[in-house]
Amino acid sequence: LRLRKLAETATAFFDSVHTELGVVFAKIASLVFSIALLNHYIACIWYALAAAAELDSDTWLDAISTFERENPAHVYMASFHWAV
């Protein structure tokens, strides 16, 4: 439902841009946003797989220190980095 509304908003925005250069920039921005969103989902899956692994298996979460693991921003950026 949200993706449909986002697509409708993007279409309305593209229709409101009247120059060719504006359309190109808007489509590039849309593509970059789509890639970042896809990487976000992959990063979340990457983290979930590591967090759900068995205790005796070695994961990337075990490789980072406890201090870094307590910082959610660091863990998210690490999983986002490897999702790219």
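Scope of the values below: all heavy atoms of this structure, side chains included, with no hydrogens, waters or symmetry mates. One-based numbering along the sequence shown.
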Subject >> Co-membership, hydrophobic cluster, residues Val24 and Val32, 4.5 Å side-chain >> reply: yes
Subject >> Minimal non-hydrogen separation, Ala43 against Ala83, with atom names >> reply: N-CB, 3.7 Å
Original post:
Can you hop from Tyr41 to Val84 via hydrophobic side chains spaced under 4.5 Å?
Top reply: no
Original post:
Does some side-chain heavy atom of Arg4 sit less than 4.5 Å from a side-chain heavy atom of Glu8?
Top reply: yes
**OP:** Assess whether atom CZ of Phe25 is packed by more than 12 heavy atoms of other residues, nucleotides or ligands within 6.0 Å.
**Re:** no
**OP:** Kindly work out whether a path of hydrophobic side-chain contacts (I/L/V/M/F/W/Y, heavy atoms less than 4.5 Å apart) joins Val75 to Phe80.
**Re:** no
Original post:
Going from CG on Leu31 to CD1 on Ile35, what distance comes out if it is rounded to the nearest 0.5 angstrom?
Top reply: 4.0 Å
**OP:** For residues Thr59 and Ala50, report the shortest heavy-atom separation together with the two atoms involved.
**Re:** CG2-O, 3.9 Å
